[in-house]
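Have a look at the structure below before the remarks.
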Amino acid sequence: MAGRIRIGAVSYLNARPLVFGLEQGLAAERVELSYEVPSQLSDRMAAGELEIGLLPVFELARIPDLEIAPGLGIVTHGPAKSVLLVSRRPLDEVRRVALDPESRTSNALARVLFDRVWGGRPAFDTGPVELAAALADHDAVVRIGDKALFEPLPDGVTAHDLGAVWTRHTGLPFVFAVWACRPGVLDDELYRALHASRREGHKVLEQIAADYTWNGRQYPEIALEYLRSHILFRFGADELRALRLFLDACARLGLVEASPAPRLALKRRAGCDEVAEALRMAAQGRA
């Protein structure tokens, strides 16, 4: 491939450990790194402007033929802390929900949980980024990323952690993002660089938390506890099962046309590869 490989990452705290090594120069001669909010990152990937992206998993059903870099992701197994439904009413009284304009995966997760867990049928529409403005016209608001993690909530609302609800209901982790690659782009050298980047980031979580700034302020204690206790960066067999369960639920709700069988790059015979093959065969059997 001529030129450097274009890699995009989400511009949130939870991506910092995954990209830390790349920022320090790993594979600098091969890659060009840029940042976007999740929805914009997805649009760039769909437009062919990126070869690899730390992509929200909902996009695997929207952008054809993407492959997943084995072993890495942004994952929770319990409370996510940065993916919330903020409600000013009991959930069974929620009639209108404002979706976060920065995220399709978390918005879809909220809709899946209303369908599978909470039992409501509210109306959903994209709301403003500002929480107060969104709550003024809606009973509940999907809130993601750094603003959900760091911004204090107003009085009179309840925050429902979507990662915690998913895991409590399914017993599985929730996968928010993976390194998604165009077919044939990921080779052994880049695979090793992505894993080395994560290892370098894991060594300096305290530094990442101390240096991270949101809206002109730093919150090192909140950031460190979040990175150490709530965000996982592995993608294995359980995560693959959880991803397929989520995409299947999205398809049943009509949020995507179909639920694709996840495709792993490089075809390493690890546990997640075996699960991916089983899921692919099951999908063919349903066709």
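Between F176 and the options V57, I144, I231, V83, a side chain to side chain contact (heavy atoms under 4.5 Å, CB included) holds for only V83. Exactly one residue among L240, L172, V175 makes a side chain to side chain contact (heavy atoms under 4.5 Å, CB included) with L245. That residue is L172.
No side-chain donor-acceptor contact under 3.5 Å links W179 to the backbone of G53. Panel note: side chain S197, backbone L18; a donor-acceptor pair is recorded below 3.5 Å. D146 places no side-chain N or O within 3.5 Å of a backbone atom of Y12 that could act as its donor or acceptor partner. In terms of modelled atom types and a separation under 3.5 Å, the side chain of R95 and the main chain of D139 share no donor-acceptor contact. Using a distance-only test at 3.5 Å, with no hydrogens or angles considered, no donor-acceptor pair links the side chain of T76 to the main chain of P79.
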Run the numbers on L264 and E67 for side-chain contact (heavy atoms from CB on, under 4.5 Å), then give the verdict. CA-CA 5 Å; L264 295 178; E67 298 177 338; over 6 Å; no
Given the rule in the salt bridge (charged side-chain N to carboxylate O under 4.0 Å, His left out) test, do R217 and E151 qualify, once you have shown the distances and angles that lead to the verdict? CA-CA 11 Å; R217 292 187 59 187; E151 185 176 78; over 6 Å; no
Walk me through it: do V142 and V86 pass the test side-chain contact (heavy atoms from CB on, under 4.5 Å)? CA-CA 6 Å; V142 177; V86 179; over 6 Å; no
Step by step, work out the salt bridge (charged side-chain N to carboxylate O under 4.0 Å, His left out) result for R234 and E239. CA-CA 8 Å; R234 71 177 298 276; E239 288 74 23; 2.7 Å; yes
Evaluate V204 against F20 for side-chain contact (heavy atoms from CB on, under 4.5 Å), listing each step before the verdict. CA-CA 9 Å; V204 293; F20 182 83; 3.6 Å; yes
Check against side-chain contact (heavy atoms from CB on, under 4.5 Å), C250 and V112: CA-CA 7 Å; C250 290; V112 167; 4.2 Å; yes
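At a threshold of 4.0 Å, the pair R182-E51 does not count as salt-bridged, since none of the basic side-chain nitrogens sits closer than that to a carboxylate oxygen. A salt bridge is absent between R88 and D155: the closest approach of a Lys/Arg side-chain nitrogen to an acidic carboxylate oxygen does not fall below 4.0 angstrom. Using a 4.0 Å cut-off between charged side-chain N and carboxylate O, D187 and R30 make a salt bridge. In summary, D115 and R111 do not engage in a salt bridge, as defined by a charged side-chain N under 4.0 Å from a carboxylate O. Taking a cutoff of 4.0 Å between a charged side-chain nitrogen and a carboxylate oxygen, R16 and D211 do not qualify as a salt bridge.
The side-chain heavy atoms of V10 and V37, taken from C-beta on, include no pair separated by under 4.5 Å. A 4.5 Å side-chain heavy-atom check between P70 and F235 finds every atom pair outside the cut-off. With a 4.5 Å cut-off on side-chain heavy atoms, N215 and F150 do not count as touching. In this structure, the side chains of L85 and L91 come closer than 4.5 Å at one or more pairs of heavy atoms. Annotation: side chain of L41 is in contact with side chain of L55 (closest heavy-atom distance under 4.5 Å). Looking at L255 and F58, their side chains come closer than 4.5 Å, going by heavy atoms from C-beta outward. In this structure, the side chains of H195 and L72 come closer than 4.5 Å at one or more pairs of heavy atoms. In this structure, R96 and D137 have side chains that are in contact, with non-hydrogen atoms separated by less than 4.5 Å.
Minimum heavy-atom separation, G127 to P101: O-CD, 3.5 Å. When all heavy atoms are compared, the tightest approach of V256 to A61 is CG1-CB, 3.7 Å. Minimum interatomic distance between A134 and V141 (heavy atoms only, all atoms of both residues): CB-CG2, 3.6 Å. Shown here for F246 and A108, the closest heavy-atom pair between the two residues is CZ-CB, 3.8 Å. Residue L84 comes nearest to A148 through the heavy atom pair CD1-O, 3.9 Å, listed as atom of the first residue, atom of the second, then distance. Contact detail for V97 and V94: the closest heavy-atom pair is CG2-CG1, 3.6 Å.
Neither side chain, S42 nor R62, offers a donor N or O lying under 3.5 Å from an acceptor on the other. Side-chain polar atoms of R116 and T170 form no donor-acceptor pair below 3.5 angstrom. A donor atom on one side chain and an acceptor atom on the other are not found under 3.5 Å apart for H77 and D238. Counted by atom type alone, Y226 and S82 present one or more donor-acceptor pairs between their side chains at under 3.5 Å. Between the side chains of E102 and S39, no donor N or O sits under 3.5 Å from an acceptor N or O.
Rounded to the nearest 0.5 angstrom, L99 CG and R143 CZ are separated by 13.0 Å. The CG atom of L194 lies 5.5 Å from the CD1 atom of I7; values are rounded to the nearest 0.5 Å. Atom OG of S34 sits about 6.0 Å away from atom CD of E36, to the nearest 0.5 Å. Note that the CD1 atom of I5 and the CD1 atom of I52 stand 5.5 Å from one another [nearest 0.5 Å]. Separating the CD1 atom in I68 from the CG atom in L266 is a distance of 12.5 Å, to the nearest 0.5 Å. In this structure, CD in E49 is found 11.0 Å from CD in Q40, a value given to the nearest 0.5 Å.
Both V185 and L22 are part of a single hydrophobic cluster, where members link through side-chain heavy atoms under 4.5 Å apart. Y219 and Y212 end up in the same hydrophobic cluster when Ile, Leu, Val, Met, Phe, Trp and Tyr side chains are linked at under 4.5 Å. Put simply, V157 and L149 are part of two different groups of oily side chains (I, L, V, M, F, W, Y) that touch within less than 4.5 Å, one to the next. Cluster annotation: L135 is not connected to F124 through the hydrophobic network of ILVMFWY side chains, with a link wherever side-chain heavy atoms come within less than 4.5 Å. Put simply, Y35 and V129 are part of two different groups of oily side chains (I, L, V, M, F, W, Y) that touch within less than 4.5 Å, one to the next.
Around the NE2 atom of H160, the shell of radius 6.0 Å holds more than 12 heavy atoms that belong to other residues, nucleotides or ligands.
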